[in-house]
Amino acid sequence: MGPDVAGGLAALGPTRWVTWSARDLAPLLAAGAALPRTWDVAEAHRLLHGGWRADPATAWAHARGLDPGALPAPVGDDLFAALSEDGDPDDLVRPDGYLRADAGAVWAGDSLARGLAWGRAALEVTRWQQERLERLGPRAVVTAHAESAAAVLAVELERDGLPVDRAALEELVRQAAGPRPLTEADEARTRAERDAPVLASVPGIGRVDLRNPAAVRSLLATAGVDVPSTRKSVLAEHVHRHPVVPALLEWRRRERIATTYGWRWLAEHVGADDRLRGAWTACDGAAGRMTAQAGLHNLPAELRPGVAAAAGHVLVRADLGQVEPRVLAVVSGDEAFAAASTAADLYEPVAQRLGVERPVAKIAVLAAMYGQRSGAAGEALRGLERAYPVAMGHLDRAQREGEGGRPVRTFGGRLVRTAFGAVGPGEDPGPLIRSRGRFARNAVIQGSAAELFKAWAVTVREAVRPLGGQVVLCLHDELLVHVPQEHGEEVARLVDESLRLSARRWCGHDRVRFVSDTSVVRRWSEAK
DNA sequence: GATACGGGCGCC
DNA sequence: AAAGGGCGCCCGTATC
């Protein structure tokens with residue numbers, strides 16, 4: 001018996017539903033409920049406090065001003081033990097003020113009073129969260145709404161899956177990994193066939209385990225190729241030195257498909273309805289991007305032709321252009337940089353102002369946001385600091401906060417903790433401090449971009465619903481919408497309009513331009 | 001047998 | 001001297 005959904009919800013006003021977590025809404029969503037507006041206590045908690053842990057007891061402790069580090073020990077999954085906790089089973093709050101450890105769910109067999117208490121507790125936390133977010137600024141509340149909707153979208157993405165052309169996908173896998181193995185012996189044979197060209201390229205080496213980097217390194221040494229590691233970028237420099245190197249690179253490509261995106265992956269993640277499904281989260285534990293499992297976020301480009309609309313449908317594919325520098329213009333409030341964003345290609349005016357070629361400007365801007373100091377970007381970076389001191393100052397400030405182990409906040413108010421890692425006694429703290437600084441410098445951009453993206457995605461979700469459209473993939477700056485083919489062009493228009501609306505709402509103004517490359521396609525691989 | 005970690009690499 | 005951020009996933013090794 002599953003949790004009673006009604007117990008996890010309480011109406012807040014006529015239109016926004018409060019939930020401890022969008023996960024609890026899965027049964028309603030499975031039944032086709034639209035749920036356009038929610039307040040997700042867990043997502044609001046993550047926004048306010050950072051990190052990923054956001055269970056009801058933790059959120060409750062914060063709302064009540066109790067030490068969240070001293071939470072009563074959870075009872076675990078044993079319901080009978082849980083139910084044996086002392087006191088009135090309908091009173092979910094302990095005498096010391098903490099939420100009872102067994103309050104993690106309300107079950108269909110529980111009393112109405114218990115369900116209502118569960119809902120009231122969520123409402124109490126919600127009111128406290130709203131008040132705290134308002135103090136952070138109007139954008140934080142807007143962001144909490146978008147993050148709440150994104151959590152619902154994550155449940156829908158899991159429910160709906162990504163449409164694939166099974167035959168095409170199987171053919172792509174076959175080309176790289178060989179035919180579908182029916183027995184273990186089959187599998188061993190195709191494995192040996194993949195290995196053979198590499199092993200044959202260096203005579204007289206006997207048995208070498210290509211899956212062991214150390215063994216590969218000594219194999220390369222035997223062939224006269226001395227490398228510090230066997231990474232692709234390192235090997236690429238030696239590609240003409242010996243045939244073993246290109247053979248190895250080709251082996252890696254095929255091995256990756258065979259192991260990660262091969263027959264087992266197809267069997268485990270592609271359903272009988274030709275949908276590829278994996279678990280989704282609305283935000284990771286770091287800067288707040290969405291995450292996806294089952295390869296949905298890192299599907300190799302060569303498999304993407306296998307992602308295709310179902311019969312009678314099309315995919316509307318939309319990519320945000322240069323989203324990170326545009327977000328930098330917003331979060332820093334740098335008016336000169338904002339002015340550059342009015343160009344369809346932001347790097348053009350930046351290059352002009354710096355007096356450098358466009359590729360140099362691009363590298364410099366990216367280096368500034370990633371915290372890179374080395375390489376060709378150095379000179380142009382100093383130019384950036386002169387031309388856009390407000391934007392660069394914002395990044396530098398974030399970096400200093402990170403170096404000090406202090407948290408930073410994204411534009412929408414998400415707390416990003418930087419006090420991670422530790423140095424052992426006698427160890428040089430320098431690398432850790434620097435990595436915290438780079439992380440923070442990037443997090444204010446990456447995290448803010450994630451907020452804008454999610455605000456866009458959930459706006460699209462609502463806009464396309466009347467046309468039978470489904471958001472089927474969110475990829476950091478790219479959206480795929482699956483829609484009946486007669487509505488393809490209209491949905492493309494709605495996607496672009498949603499970007500203008502959500503960007504203006506999230507920024508609070510429209511001085512920074514955001515652009516989308518939007519097209520109607522049959523296969524994911526067709527556009528761009 | 002389960003877990004943790006690093007090398008490596010796919011995507012953004 | 002310095003060595004770009006995030007995620008998920010595979011494999012191998014080392015460890016309990």
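Keep in mind the model is a prediction, meaning the values are calculated, not measured. To find a chain, count down the sequence lines: A is the first, B the second, and so on, and within it residues start at 1.
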- [ ] For dC10(C), take OP1 and OP2 only and decide whether either is under 4.0 Å from a side-chain N or O of Arg264(A).
- [x] yes
Task: Below 4.0 Å: OP1/OP2 of dC12(B) and any side-chain N or O of Gln446(A) - done: no
Open item on the list: With a 4.0 Å limit, can you tell me whether Arg231(A) has a side-chain N or O closer than that to the phosphate oxygens OP1/OP2 of dG8(B)?
Closed with: yes
TODO: Can you tell me the distance, in whole Å, between the CG atom of Leu395(A) and the P atom of dG5(C)?
DONE: 14 Å
Task: Distance test, side-chain N/O of Arg438(A) to OP1/OP2 of dA2(C), below 4.0 Å - done: no
Task: Below 4.0 Å: OP1/OP2 of dC9(B) and any side-chain N or O of Arg252(A) - done: yes
TODO: Ignoring backbone atoms, establish whether Lys232(A) has a side-chain N or O less than 4.0 Å from OP1 or OP2 of dG10(B).
DONE: yes
Open item on the list: On the nucleotide dG8(C), are OP1 or OP2 found under 4.0 Å from the side-chain N or O atoms that Thr260(A) carries?
Closed with: no
- [ ] Could you tell me whether the phosphate oxygens of dC10(C), OP1 or OP2, come under 4.0 Å of any side-chain nitrogen or oxygen in Arg254(A)?
- [x] no
Task: Atom pair distance, as rounded to whole Å: CZ in Arg436(A) and C1' in dG4(C) - done: 18 Å
Open item on the list: Expressed as a whole number of angstroms, how long is the span from Arg253(A):CZ to dC10(C):C1'?
Closed with: 17 Å
Open item on the list: Looking at Thr230(A), I'd like to know whether one of its side-chain N or O atoms comes within less than 4.0 Å of OP1 or OP2 on dG8(B).
Closed with: yes
- [ ] Side chain of Ala286(A) only, please: which of dG10(B), dG4(C), dC7(C) is the nearest?
- [x] dC7(C)
